[in-house]
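Input: a single structure, listed below in structure tokens.
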Amino acid sequence: MIRLAALVAVALLLIGGACVVAQDWPQFLGPSRNGVYAGTNIAKTWPAEGPPIRWKRKVGQGFSAPVAASNKVILFHRLAGKETIECVDMEKGGTLWSSGYPTSYQDDFGFDEGPRATPAIADGRVYTFGAEGVLACWNLADGKKVWMIDTRKEYGTPKGFFGVACSPLVEGDLVLLNIGGKNGAGIVAFDKATGSLRWKATDHEASYSSPVAADVNGKRFLFFLTREGLVVLSPSGKLITEFEWRPPIHASVSAATPLIIDDYIFLSLSYDRGAVLLRFDGKQLKQVWSGDESLSNHYATSAYQDGYIYGFDGRQEQGCNLRCIDLKTGKVQWSQDRFGAGTITLLNHELLLLTERGELVRAPAAASGFKPSARAQILPFQVRAYPAIANGCLFARSKDQLVCVDLR
């Protein structure tokens, strides 16, 4: 009997361990919307030729990042005249289902004309937000449409410089978006089951940043970086506080998601504004430091590890610097000048960088210096979307290709 009990205990431990190892990536920037993969099934080294690519496939237009859950990968892209939601088998890369709706979006600057916002997967449903402001809910199992709202028609969502780009945040029974609508619909909360309006707040214009929810001092708050600055709300839509933080010129883009680190809030913009660290006591914000000489994020959100922020400094089109700064002071610890644009994901105290050129780079997350341990070319140029990591595999897309890279 004792032996049987021991075997059962071991089996339960192994099952529990498997649950810890297997991890979904159901939304923009991962489970906690901070770019961190917490799985423990990543190989410590790569083969000389790089980690194996399990499958690859052609994709349509768009900068929307893949997301993954329940052994499925969701891809949101434009195929001909339709914004298409495609469900892909995580293991083999084949299409399980595909849904979509017509779009006539045209980019004013001649860039890509696919969707920008990353879908969110929650409770068996997928939420997408298209480049023209169409918010939709789909069944994860079969792709059937549950509900759809044209926020441009309903709330006056503007086109902006490069289309609509806020990635939906599912929090509790709400779908939250910074849409920059009219008549107090700057920030809007929809019922995730029905799509009905739950509340709206502010007259702020929409930025290209996506919101995040986090606990501070035991209470839940919502953090939005709008075009005007930081807005802190309760989950019920009550305005808690605001902090003006926007570039000094009109022709600018605020895109990085706020980083919430205990009771600190890190914001970063380009266009001569730079970064700021705020401290939040649940009611008010206090500035700790600010400056343009530390870390100016253009498109990509930075990542935090053990007292330090890692991120891309400078304008994407001018060639970004890769930097590490001290969270509490903003002091630059090291800088890889002209590294180029890309994205940062953290896993097991390592930086996983996916460059705009399609190169995957891993390096220790260390304030002592940037020392890459491996590099691999996994995609062709041009890569703008964030990758997803689920069950030890990385899913990344370029302008015309999606790959599954085995990091286990």
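If you read the sequence from its start, that first residue is 1, and numbering goes on from there.
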Original post:
Does any pair with a residue in residues 352-367 pass side chain to side chain donor-acceptor pair (under 3.5 Å), and if so which ones, sequence neighbours excluded?
Top reply: Q316-E356, E350-R362, E356-R384, E359-R375

Subject >> Atom of R54, atom of C393 and distance for their closest heavy-atom approach >> reply: NH1-SG, 3.2 Å

**OP:** Check whether the side chains of S398 and D400 place a donor and an acceptor atom closer than 3.5 Å, and report yes or no.
**Re:** yes

**OP:** Report the distance from atom CG of L267 to atom CZ of F223, rounding to the nearest 0.5 Å.
**Re:** 10.0 Å

Subject >> Distance-minimising heavy-atom pair for V146 and W138 >> reply: CG2-C, 4.1 Å

**OP:** Might you point out which heavy atoms bring A275 and L295 nearest each other, and give the distance in Å?
**Re:** CB-O, 3.3 Å

Original post:
When Y386 is tested against each of W25, Y299, F28 for ring-ring contact (aromatic ring centres under 6.0 Å, His included), which residue passes?
Top reply: F28

Subject >> Pair S207-S254, side-chain donor/acceptor within less than 3.5 Å >> reply: no

**OP:** Would you please indicate yes or no on a ring centroid separation below 6.0 angstrom for Y208 and F161?
**Re:** no

Subject >> Partners passing salt bridge (Lys or Arg N to Asp or Glu O under 4.0 Å) against D263 (at least two apart in sequence or in another chain) >> reply: R279

Original post:
Any chance the rings of Y304 and F266 have centres within less than 6.0 Å?
Top reply: no

Original post:
Under 6.0 Å from the CZ atom of R338, do we count more than 12 heavy atoms belonging to anything else shown?
Top reply: no

**OP:** Test P115 against every option in Q61, E83, E132 by the side-chain contact (heavy atoms from CB on, under 4.5 Å) rule and name the one that passes.
**Re:** E83

Original post:
Would you say the side-chain atoms of Y308 and Q333 include a donor-acceptor pair closer than 3.5 Å?
Top reply: no

**OP:** Would you kindly say whether W147 and T194 are connected by a side-chain donor-acceptor distance under 3.5 Å?
**Re:** no

**OP:** Scan side-chain atoms only and decide if T95 and E86 contain a donor-acceptor pair under the 3.5 Å cut-off.
**Re:** yes

Subject >> Other residues, nucleotides, ligands: >12 heavy atoms within 6.0 Å of Q318 CD >> reply: yes

**OP:** Evaluate the criterion salt bridge (Lys or Arg N to Asp or Glu O under 4.0 Å) for residue pair K192 and E171; output intermediate values, then yes/no.
**Re:** CA-CA 9 Å; K192 76 176 185 182; E171 175 69 13; over 6 Å; no

Subject >> Atom pair OG1 (T118) and CG (L169), whose distance is rounded to the nearest 0.5 Å >> reply: 12.5 Å

**OP:** Return the minimal non-hydrogen interatomic distance between A303 and I344, and the atom names on each side.
**Re:** CB-CG2, 3.8 Å

Original post:
Do the side-chain N and O atoms of R323 and Q336 include a donor-acceptor pair separated by under 3.5 angstrom?
Top reply: no

Original post:
Any chance the rings of Y271 and H250 have centres within less than 6.0 Å?
Top reply: no

Subject >> Interatomic distance, E113 atom CD to T103 atom OG1 [nearest 0.5 angstrom] >> reply: 9.0 Å

Subject >> Step-by-step side chain to side chain donor-acceptor pair (under 3.5 Å) determination, N34 to S32 >> reply: CA-CA 5 Å; N34 59 1; S32 300; 4.7 Å; no

**OP:** For salt bridge (Lys or Arg N to Asp or Glu O under 4.0 Å), just list the numbers for K328 and D326, CA-CA rounded to whole Å, side-chain angles, deciding distance to a tenth of an Å, and then say yes or no.
**Re:** CA-CA 6 Å; K328 300 292 183 64; D326 186 283; over 6 Å; no

Original post:
Do N178 and T226 meet the criterion of a side-chain donor-acceptor pair at a distance under 3.5 Å?
Top reply: no

